[in-house]
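Chain letters run A, B, ... following the sequence lines, proteins first and then strands; every chain starts at 1. Heavy atoms only: backbone and side chains are in, while hydrogens, waters and symmetry mates are out.
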There are 2 protein chains.
Amino acid sequence: MDTTTSVRRPHRALESSATQSTVRESNLALVARTLFDSPEPLSRADIAAATTLTRATVSRLVDDLLLGGIVVEREKTAGTPGRPATPVVPHNRLCALGMQVNAGFTIVRLIGLDGALIAESATTGDLVGSDPATVLRELGRTARRLLEGHLQTRRLVGAGLALPGLVRSGSGLLLRAPNLGWTELAPAELMAAPDLTAGLLVGNEADLAAVSIAYPTPGRQGPQRDFIYLSGEIGIGGAAVLDGRVMAGRHGWAGEIGHVCVDPDGPPCPCGSRGCLERFAGSRVLMRAAGLEPDAPVSELIEAIEDGSTAARAAVDAAAAALETALVSTINLLDIPEVVLGGHLGRLGRYLLPRVQAAVRGRAIAGRFDGPVVSVDQHVTTDDAAPAATGAAVAVLNQVIDNPAAWLG
Amino acid sequence: MDTTTSVRRPHRALESSATQSTVRESNLALVARTLFDSPEPLSRADIAAATTLTRATVSRLVDDLLLGGIVVEREKTAGTPGRPATPVVPHNRLCALGMQVNAGFTIVRLIGLDGALIAESATTGDLVGSDPATVLRELGRTARRLLEGHLQTRRLVGAGLALPGLVRSGSGLLLRAPNLGWTELAPAELMAAPDLTAGLLVGNEADLAAVSIAYPTPGRQGPQRDFIYLSGEIGIGGAAVLDGRVMAGRHGWAGEIGHVCVDPDGPPCPCGSRGCLERFAGSRVLMRAAGLEPDAPVSELIEAIEDGSTAARAAVDAAAAALETALVSTINLLDIPEVVLGGHLGRLGRYLLPRVQAAVRGRAIAGRFDGPVVSVDQHVTTDDAAPAATGAAVAVLNQVIDNPAAWLG
DNA sequence: TTGTTTTGTTTCATCACAAAACTTATAACC
DNA sequence: GGTTATAAGTTTTGTGATGAAACAAAACAA
């Protein structure tokens, strides 16, 4: 862990050479993305118009996608002069597992390539200090049960797992999850379900929740393309999304807004620093400061405020002030003037939004130019407590859309 | 300026289709990058081995580069059995102008595709509150004089201009440069030298200084590929470089570390926030706090410290503390555990490095894993006061290397 | 002089896509 | 109902990129 300076490869490969099959892969991906990104079904001719490819080329590419079960044809639609078009739409036969382990629950979702929730299984329980092997083995069993009966009609593309901690990008190793008490483990192995977890995508909970905002359904970007996401949990996770891609940094740990310092003389943080945002706006800190049980639901906090509790009000104000400071710094650093609040921060939106929005507009450099927007994660208003599980599945499905050639084999 | 929420285009083009000429462009760039990135001259066969292209293909691509004047053949090298190889190296006939306007000087440099400094012209003077039209017109004249006599043997690729302010990426407009007192102007037009400034690359001073660190010579990456750069001037500029690319953000303003908040109750900053890093570590703030003239050279500050001035010592300590806080937050946010100090911060390296390095290692999340490195910009030790001017030229030349097809026409 | 080795070139086959002609399937109009 | 107009999708042909393999060139070595 406490490794010495890593040896850098003296000459990394610049990139690989292009060939004709590269062209095909690239155009296949272009057609797939165009198809999935469109809110309305597109015909081959529509795709040709949208991509500048010829109809002939699109036809052949679409044939490949049909053959691979990635898309299907719908009934022809008449009504206008000319030969009727054949709409081509995402095939819901392909699907992926999205899983999440959190301090308070585990969840498994099966999601189709068209974005539909096919099945779901959730368990609640206190997982702080739990044994990762036990929890993950059980998660694997749950996933297998969930799949039963579906594999006759569907085909599994892969699985994704969201964890509340540091995940080393590439290797899929969890380095540490402070709020679970887990360190240094390989989730794919512990799940003991090699058929399900071959190529398991392991990701940080905030990063994957951000994916589900950037892509409400697989391959289709939502209205927010550049934004900073904050996940309000025991810790404050964060992710920075630019043009639909989650920023990774060198190891895949970028976006840790919870550990932006908002007061150099503030309380110490287990991360080694002091006065991190998390120390003011993390759920347990907030609840304690409000005079409530650390794991009390947000509704209690809101009630307390409405009942006139000064402690509750002060706690939220302190969190808001910390949030303002951290976000202004973050926006100045990343130049992404849009913020989405998730978890308990989203649920406290009515108290936080106006203040934070005003601060961001008045104090961030980009504030005066773009009219930055602060909003609440949709998932909060629809009472979805596990957007990261959905995001994990979507991330897996996006891989298919972004490189269909690899899936077609 | 104070625009309302910008209207987002509902459907941006996903990307354009690939064709055979795309393959050629891509491989041409691959060959060029391989050639320029190598410390030793490469033969066609070497390039083939390095890229997995065949010798036949490499030969044809190199022929194009030769024809375009981007590379030249050197004398064959014998000594080993087999047909002697023909080394192919960057051609120094192509060159670019790199210019910089700062609060205290202007500079114009002419730099060859091989990285050599061909000519240089600098002027000093207080440009705070100066008239941009006058300054830029004079800069254009200087550039033209500098070029005289060189255009018989060289060919100008283009020009780059570094400015200490906010530049809107794409348009090349300077929105504001607080320390010059300039706002809202189009440098390319004001320079009144359309032959030189066609396609002028305008960039932020810190961003372009970072380019000259990432690329010590055009197309050849230095040892630092991921790093956070801090330019110490009146203001503290910053840039984040990941894999050799400067992070832009939505408008091109990412990396403003000078406006990370290190004390929410600190002194107000013209940017609208409070307690920005710049308020503690900007050169004039630092000098005043040390009891010196605001524009005194760093050497005086060092002397004062060595003479035992407590004010000077305290000022540097305060700057160091602010730097620590800002950098820990920044590293947590970007996951780039490497820092390069430029300008007066680099010149104060002996006082800052140990403290800052310890802070970053002990308090940043990535600190415990990678052994983060804090170092001083090479340009400071070689007494080059204008790395951004070099970076501006290098950025222009890199465009040729990254897409030779566009240059060949 | 002959053989060996490596570089660089030539020739030919393959495979994507573009262009354009063609086929198919519908609506609109007389 | 027959004809025309219109648009979707397919077939055919040509172009241009790379790869593979044979070939030519230029050195060293025995």
Side-chain angles (χ1 to χ4, degrees), chain A residues 15-32 34-35 40-67 71-89 404-405 408, chain B residues 15-32 34-35 40-67 71-89 404-405 408:
Chain A
E15 94 199 45
S16 59
S17 61
T19 159
Q20 315 214 75
S21 71
T22 314
V23 174
R24 188 161 190 80
E25 280 170 33
S26 162
N27 284 335
L28 210 47
L30 176 61
V31 169
T34 306
L35 256 164
E40 272 96 49
L42 298 179
S43 68
R44 293 168 174 81
D46 292 334
I47 298 168
T51 58
T52 75
L53 291 164
T54 60
R55 294 202 307 273
T57 304
V58 170
S59 258
R60 259 173 315 178
L61 293 168
V62 167
D63 283 347
D64 281 5
L65 295 177
L66 286 169
L67 224 67
V71 297
V72 266
E73 295 186 334
R74 280 247 201 93
E75 270 313 293
K76 295 186 209 306
T77 60
T80 52
R83 175 174 173 175
T86 313
V88 179
V89 297
L408 303 179
Chain B
E15 95 199 43
S16 60
S17 60
T19 158
Q20 314 213 77
S21 70
T22 315
V23 174
R24 188 161 190 82
E25 280 169 32
S26 163
N27 285 335
L28 211 47
L30 176 61
V31 168
T34 305
L35 256 164
E40 270 96 48
L42 298 180
S43 67
R44 292 168 174 80
D46 292 336
I47 298 167
T51 58
T52 75
L53 291 164
T54 61
R55 294 201 307 274
T57 304
V58 170
S59 258
R60 263 172 310 201
L61 294 168
V62 167
D63 282 348
D64 280 7
L65 295 177
L66 286 168
L67 223 66
V71 298
V72 266
E73 295 187 331
R74 279 246 202 93
E75 270 313 294
K76 298 186 207 305
T77 58
T80 52
R83 176 174 171 175
T86 312
V88 179
V89 298
L408 303 179

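Taking B:Ser17 as the reference, A:Asn27, A:Leu30, A:Thr52, A:Leu53 meet the side chain to side chain contact (heavy atoms under 4.5 Å, CB included) condition, with sequence neighbours excluded. Residues passing the side chain to side chain donor-acceptor pair (under 3.5 Å) test with B:Thr51: none are found, sequence neighbours excluded. With sequence neighbours left out, the side chain to side chain contact (heavy atoms under 4.5 Å, CB included) criterion links A:Thr80 to no other residue. Partners of B:Ala50 under the side chain to side chain contact (heavy atoms under 4.5 Å, CB included) rule, at least two apart in sequence or in another chain, are B:Thr34.
Residue pairs satisfying the salt bridge (Lys or Arg N to Asp or Glu O under 4.0 Å) criterion with at least one member in residues 73-89 of chain A, sequence neighbours excluded, are listed as follows: A:Arg44-A:Glu73.
Where B:Ala85 and B:Ala18 meet DNA chain C, the nucleotide closest to each residue was compared, and B:Ala85 sits on the side nearer the 5' end.
Close to C:dC17, at under 4.0 Å from its OP1 or OP2, lies a side-chain N or O of A:Arg24. Between B:Ser17 and the phosphate of C:dC17, there is no side-chain N or O to OP1/OP2 separation shorter than 4.0 Å.
Heavy-atom contacts of chain B under 4.0 Å fall on DNA chain D between two terminal nucleotides, which in 5' to 3' order are D:dT15 to D:dC28.
Atom-to-atom, CG of B:Leu53 to C1' of C:dG8 comes out at 15 Å; the value is rounded to the nearest Å. Rounded to whole Å, the distance from CD on B:Gln20 to C1' on C:dA18 is 9 Å. The nearest whole Å value for the distance from the CG atom in A:Asn27 to the P atom in C:dC15 is 17 Å.
Side-chain atoms of A:Thr19 never come within 3.5 Å of backbone atoms of A:Thr22 as a donor-acceptor pair (strictly under, hydrogens ignored).
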Sugar-phosphate or base contact per nucleotide [nucleotides 20-30 of chain C; S, B, -; heavy atom under 4.0 Å]: ----BBBS---
Atom pairs and distances, side-chain donor-acceptor, residues 55-64 of chain B, under 3.5 Å, sequence neighbours left out:
from: B:Thr57; atom 1: OG1; to: B:Thr54; atom 2: OG1; distance (Å): 2.9
from: B:Asp64; atom 1: OD2; to: B:Arg24; atom 2: NE; distance (Å): 3.4
from: B:Asp64; atom 1: OD2; to: B:Arg24; atom 2: NH2; distance (Å): 2.9

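Residues B:Leu28 and B:Val31 have side chains not in contact (no heavy-atom distance under 4.5 Å, counting atoms from C-beta outward).
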